[in-house]
Structures are given as C-alpha cells and as structure tokens.
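To start, the structure itself, in structure tokens.
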2 protein chains.
Amino acid sequence: MSPNVISIGLSAAIVSVEQEQPLVLVVAHDGAEDALPFGPFNPVTQRTLESGLRKWVGEQTRFDLGYTEQLYTFGDRGRHSPSPDDGARVVSVGYLALTRPGKPQAPDTRWRGWYQYFPWEDWRQARPPMIDGIILPALKKFVKEAASPIAAEQRRNRMRLCFGDGGLPWDEEKVLERYELLYEAGLVREAARDAGKQAKTPPELGSPMLYDHRRILATAIARLRGKMKYRPVVFELMAPSFTLLELQRTVEALSGARLHKQNFRRLVAEQGLVEGTGKFSAPTRGRPAELFSFRREVLRERPAPGVRLSSRR
Amino acid sequence: MSPNVISIGLSAAIVSVEQEQPLVLVVAHDGAEDALPFGPFNPVTQRTLESGLRKWVGEQTRFDLGYTEQLYTFGDRGRHSPSPDDGARVVSVGYLALTRPGKPQAPDTRWRGWYQYFPWEDWRQARPPMIDGIILPALKKFVKEAASPIAAEQRRNRMRLCFGDGGLPWDEEKVLERYELLYEAGLVREAARDAGKQAKTPPELGSPMLYDHRRILATAIARLRGKMKYRPVVFELMAPSFTLLELQRTVEALSGARLHKQNFRRLVAEQGLVEGTGKFSAPTRGRPAELFSFRREVLRERPAPGVRLSSRR
DNA sequence: CATATTTATACTCGAAATGAGTATTAATAG
DNA sequence: CTATTAATACTCATTTCGAGTATAAATATG
C-alpha cells in the first residue's frame with residue numbers, strides 16, 4: 001500500500017445516561033485499549049459522511065442513533081496510525097451521537113462511564129482531589145521544564161486557564177483543552193505511546209483509548225456540555241416522561257457539576273421546555289414528583305432553547 | 001482513476017474587514033463562479049491538516065493567516081464534483097481564517113464583500129427588502145409544494161425559524177440554516193446546477209460559488225458571528241490601534257446588525273478587552289476619539305471574553 | 001402514632017446584567 | 001456663530017441570576 005493513499009475513518013462517541021452516569025459505547029478487547037466504534041467511509045456506496053456513519057453504526061452496534069452531530073476532523077500523523085508511514089494515512093471524522101441506554105447487541109461492545117477516561121472532569125461530589133494531588137504538581141513540573149521563559153509563561157497560562165489555578169473559575173466546557181494539555185505534558189498514556197516511548201514514569205491519568213479516540217471523546221463531551229445550554233439536546237437522552245429531578249440529574253451528570261434545584265426548575269419551566277403529564281412518579285422516598293415530557297413545540301417558539309446551568313455553591 | 005479513491009481538499013474562507021465591509025478572499029475567473037482558495041491535502045509532506053492549509057494558502061495567496069479554525073468536513077456526493085463518479089471522490093475540510101486586509105498577491109485572487117453572496121444577511125441599514133419581496137413568497141410556494149401535510153408543516157417551521165416570519169426574532173447566527181433552506185427550495189443557483197437542471201425559472205439569490213463553497217462560507221460566517229460573542233477574535237481583524245467606533249463598526253459588519261453605541265462601549269470597557277493608548281485619532285468630522293488597543297492579558301484573566309452584542313432598536 | 005427524613009414545589013430578595021435612553025464635551029463645516 | 005458630528009459620562013427601569021426560605025406530601029423509623 002502506498003503511503004500516499006488517504007482513507008477516511010468515521011468514529012462515533014455514542015452517548016447515553018443511566019443511573020446518573022454518562023455512558024459511552026466502546027469496543028473493548030481484553031488487554032487492548034478501549035476504542036470508539038469506528039469504520040471506514042466507503043465513498044462508492046455512501047452519499048454523505050453521516051449516512052455512512054449511520055449505516056455501519058447500525059450494522060455494528062445495533063443502535064439507532066437519534067441525534068448525531070459532526071465534531072471535528074482529525075488528521076495528525078502519529079495520532080491515529082501506531083507508526084507513521086505505515087500503510088494508508090487515516091483521517092478520522094469524529095461524531096457525537098445521543099441515544100437512550102440499552103443492551104449493546106454487538107460482541108465486545110459495552111457501555112462505560114465516560115469519567116473513567118476523564119476522572120478530573122466530574123465535580124459533582126467535590127473538586128476531584130487528583131487535580132491538586134497529581135495534576136497541578138505534574139503540570140508545575142511541566143512548566144519548569146519549558147525550554148524558554150516565554151514557553152514557560154505560556155504553559156503556566158494554559159495550566160491556569162485549564163485547571164483554574166489561581167482564582168480562575170472551572171470551565172466545564174474546556175474538556176478538550178485540558179486533555180490536550182495533559183497529553184502534551186506526557187500525563188496520559190497515549191502521549192508516550194504516540195511518541196514511541198516505553199518509559200512511563202509520570203502518572204497516567206484516566207484510562208487510555210485506542211488511537212486518538214480519547215481526544216475525540218473529549219471533543220464530544222465538550223461539545224455536548226456547550227450545546228446543552230442553547231439546544232434542548234438532553235431530551236434525546238431522556239425517557240418519554242421523567243421527573244424534573246431526573247432531568248436535573250442527567251444534566252448534572254453530563255456537565256459534571258451540581259445545580260441549584262429551584263433555579264433549575266424555574267429555568268426549564270419558564271423556557272417552556274417541558275409540560276406536566278398529570279401523572280406522578282411511583283413514590284420511592286419523598287413526595288411523589290410529577291412526570292413531565294419534552295415540549296417539542298419549543299423548537300418552533302424560541303430561537304435557542306436550552307438548559308442553562310445555574311450552578312450551586 | 002478509480003471512483004473508489006478519496007482525496008481530501010482543504011478550503012479556506014479567509015476573512016478580513018475593510019471600510020465597514022466584511023471581505024472574503026476568492027479566486028475569480030471571468031465567466032466562472034467564484035471559488036474559495038482550495039487545494040489538496042498532501043498526506044506525505046504534511047503532518048496535520050492545518051499545517052497543510054497554512055502551507056498552500058501561504059504559497060497561493062501570500063497571506064499570513066493569523067487565526068484559523070476548522071469548520072466542518074463536507075462529503076456530500078454531488079455537491080463538490082460537478083458530476084458523480086467522475087474521478088476521485090473529494091471530501092473537503094473547510095476552514096475559517098482571519099487576517100488583516102491587504103493587497104492580494106496571487107493572480108485571479110481578490111477580496112469580495114461577503115454580503116454579495118448572502119445579501120439577505122446584512123440588516124445594518126434595514127431588514128433587507130428581498131426577504132419580504134422575494135424570499136418569503138418563494139418559500140411559501142415551496143411550503144405549498146410539499147409532498148405531504150407533515151412535510152409542509154416542517155417546511156413552514158424551518159421557514160419561520162430561519163427568516164422569522166411571525167414574531168420570531170432574527171437570529172444572525174443561522175446563516176447556514178438559511179442557505180441550506182434556500183438551496184433545498186431551489187432558490188440559489190447551486191441547487192439547479194448540482195441537480196443537473198438547466199432551467200432556472202426561480203429567482204437566484206446572491207452570487208453563486210463553485211462547488212459547495214458558498215456552503216462553506218455560510219458555515220464560516222455563522223461560526224464567526226457566534227464565536228465573536230465569547231472569544232475576542234474580532235481583534236485579529238483590527239489594526240494594532242483603533243477607535244471604539246471602528247471596533248463597533250467591525251463587529252456590526254460581521255454580525256450584520258447595528259449595535260447600541262453606549263452599551264457597546266460599556267461592555268468592551270467592563271470586560272477589559274481594550275486599553276487606551278493616550279493617543280487620539282486624526283480628527284475627521286466630530287470630536288477626536290481615543291485610540292485603543294487590544295488587551296491580550298484578558299485571555300489570561302477571564303474564561304470567555306468576547307464582544308457580546310447589545311442590539312439597537 | 002409521632003416524628004424524622006426525603007423530596008417536591010412555591011415564593012422571596014438582593015445583586016448583576018441588560019436595554020434604552022439623556023446629558024455633556026469636543027471637534028469640524030459652513 | 002451655529003449646526004452637525006462624534007465621543008464619552010451617567011441614569012434608570014427591567015430582566016436575569018444566584019441563593020435562599022417556606023411549605024407540602026410522601027416514606028422510614030422508633
């Protein structure tokens with residue numbers, strides 16, 4: 001195979017939420033890194049990239065993708081193929097897809113919590129201790145090792161902006177920026193792997209993934225966290241009817257942050273995102289909650305409806 | 001050449017602003033449709049897609065791209081190659097690049113106002129009369145011609161959301177949605193061209209472009225209009241020092257809307273986006289204005305600084 | 001059965017952001 | 001000298017936002 005040949009790979013971060021955990025569908029083999037479902041784009045049989053994606057995802061995973069969205073096209077040499085100039089150059093187009101959880105039908109395919117790959121992104125309980133315990137010390141070392149004072153200053157700024165060291169607030173949308181910084185600092189296993197190094201002295205944060213799939217997943221999380229705020233995409237992940245707390249817990253799971261309950265309700269109500277069904281949830285512990293459903297009409301009424309986040313604490 | 005072969009094309013919407021007009025760099029030949037600068041991605045010599053873009057843009061247009069951003073990867077059959085199954089399938093990765101205006105060095109390359117391609121997007125003087133005069137009547141016809149009542153309802157909703165017929169406000173970010181609707185309704189020349197039809201009875205709105213380049217440009221405008229609000233990208237288009245009115249006119253040119261002067265100043269000042277230089281503009285008509293420059297430190301201080309729009313009227 | 005606990009839901013209140021001005025200053029054009 | 005144009009400071013009402021309190025309706029527990 002000539003190294004001059006390009007092939008296009010389609011990768012999908014297929015996301016659902018179950019029991020307050022955001023899940024991503026991965027292909028897992030024993031001893032190998034997890035991978036996102038991915039396949040080649042066949043230019044002969046497929047008219048569009050997205051139809052190609054839907055076709056093989058349907059075949060391979062038996063999932064019916066509701067909402068899909070193109071994320072980004074990655075073409076860096078050395079971050080897809082294990083070794084450069086080995087066969088065709090793969091350019092991969094990443095997609096985000098949302099679906100309701102269900103049993104994976106295909107072999108070796110399973111749901112995994114996405115915070116397994118990004119443990120520093122889940123702030124629901126508290127600021128993850130690994131940030132102060134591992135990440136920031138390692139990044140400070142990375143700043144010190146910079147070749148010049150200017151490079152060190154740039155690294156320090158990125159560190160501050162990404163992980164909020166020094167008064168800056170945590171921005172839950174900077175998932176990709178944070179992953180890329182950890183990659184460049186050699187703190188995720190993919191970095192050493194892509195560089196061909198075996199030594200892995202530094203801490204390895206989160207589970208690694210095949211090729212650049214963790215980068216695609218980071219892009220997917222970032223996009224979803226942002227999009228949620230101005231488009232009602234969360235409802236793709238909800239059952240037809242749900243309580244307001246279930247909706248809130250889903251948004252919290254995705255954004256990785258806790259929200260103020262009363263203000264959350266005020267927002268979804270005022271925006272007309274939901275309507276009561278008159279039915280009530282099966283009583284579990286507290287007072288039974290009314291079941292709501294998504295008001296599809298909102299798409300016709302408001303230009304940018306979404307679940308804006310009013311954070312707690 | 002086998003139709004099974006894929007090649008990757010890189011296209012760039014290179015944008016600048018001069019005299020209150022947003023400009024895009026196009027390759028123009030007599031008698032042919034304008035094109036965005038585009039070229040193949042060479043997987044052998046280029047490590048990343050973006051480095052490939054910078055290289056041939058530098059060679060072809062002699063422009064030094066400051067800010068660049070990947071937009072979207074388009075792979076629809078029939079919207080790039082004039083006829084399907086003719087040679088290699090081209091998948092094109094679109095980019096947005098911002099630069100200061102200057103003389104195009106390459107032959108056949110020139111700046112054009114982007115509203116030439118999207119006349120309905122410039123609301124600075126007034127709501128463009130062509131919307132009520134041409135677009136909405138033609139779209140109402142398109143709604144009537146739908147195959148089923150459900151399809152008609154969907155078309156009507158898109159029409160309302162895109163062009164704000166019936167109380168809905170104009171959303172200046174929906175540039176791509178509007179272009180795609182006009183394309184599907186057969187109101188832009190590319191639609192008839194891609195379908196292989198010669199008849200062009202319906203009105204042809206805006207100047208057409210080669211291949212799917214007008215779609216890429218629509219994506220670029222939409223992205224820039226959105227991004228401006230939370231990232232200080234406008235300053236890539238400004239001279240090192242500028243008056244606040246010049247800055248406002250630039251934002252207005254890009255967003256296609258007029259802004260409230262006093263509130264605009266309040267926003268950029270409060271956000272710390274600019275700092276006074278102590279120097280003053282050469283007096284033209286009114287009172288001389290202070291010259292300001294971009295405060296780069298803001299990138300380190302605030303998580304999402306941008307020029308939020310507080311519209312006038 | 002009384003009471004603690006859990007959850008739902010309504011309502012309040014101050015701070016900040018936003019939209020739409022008025023008022024005043026400083027220049028040029030006639 | 002005065003009209004015009006633009007710059008800049010300041011005001012004010014409304015809306016939005018963050019952070020509560022208050023109360024209701026269920027279960028769990030002693």
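Naming convention: chains lettered A, B, ... in sequence-line order (proteins, then strands); numbering from 1 in each chain.
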Original post:
Are Glu180(B) and Arg158(B) ion-paired here, with the side-chain N under 4.0 Å from a carboxylate O?
Top reply: no
Original post:
For His260(A) and dC17(D), what is the distance between atoms NE2 and P respectively, to the nearest whole Å?
Top reply: 14 Å
Original post:
Will you find, in the side chains of Tyr179(A) and Glu177(A), an N or O donor that is under 3.5 Å from an N or O acceptor?
Top reply: no
Original post:
Roughly how many Å is it from CG in Leu291(B) to P in dA6(D), rounded to a whole number?
Top reply: 16 Å
**OP:** Find the distance Arg258(B):CZ to dA20(C):P and express it as a whole number of Å.
**Re:** 16 Å
Subject >> Beyond-backbone contact of Val26(B) with Arg112(B), side-chain heavy atoms, under 4.5 angstrom >> reply: yes
Original post:
What distance do Glu275(B) atom CD and Arg296(B) atom CZ have between them, rounded to the nearest 0.5 Å?
Top reply: 10.5 Å
Original post:
What distance do Arg215(B) atom CZ and Leu71(B) atom CG have between them, rounded to the nearest 0.5 Å?
Top reply: 12.0 Å
Subject >> Lys229(A) NZ - dT16(D) P separation (whole Å) >> reply: 19 Å
Subject >> Whole-Å gap separating P (dA19(D)) and CG (Leu259(A)) >> reply: 11 Å
Subject >> Base versus backbone protein contacts along nucleotides 2-12 of chain C [heavy-atom cut-off under 4.0 Å; B, S, -] >> reply: ----BBBBBBB
Original post:
Is the side chain of Arg178(B) donor-acceptor paired with the backbone N or O of Trp120(B) at a distance under 3.5 Å, no angle test?
Top reply: no
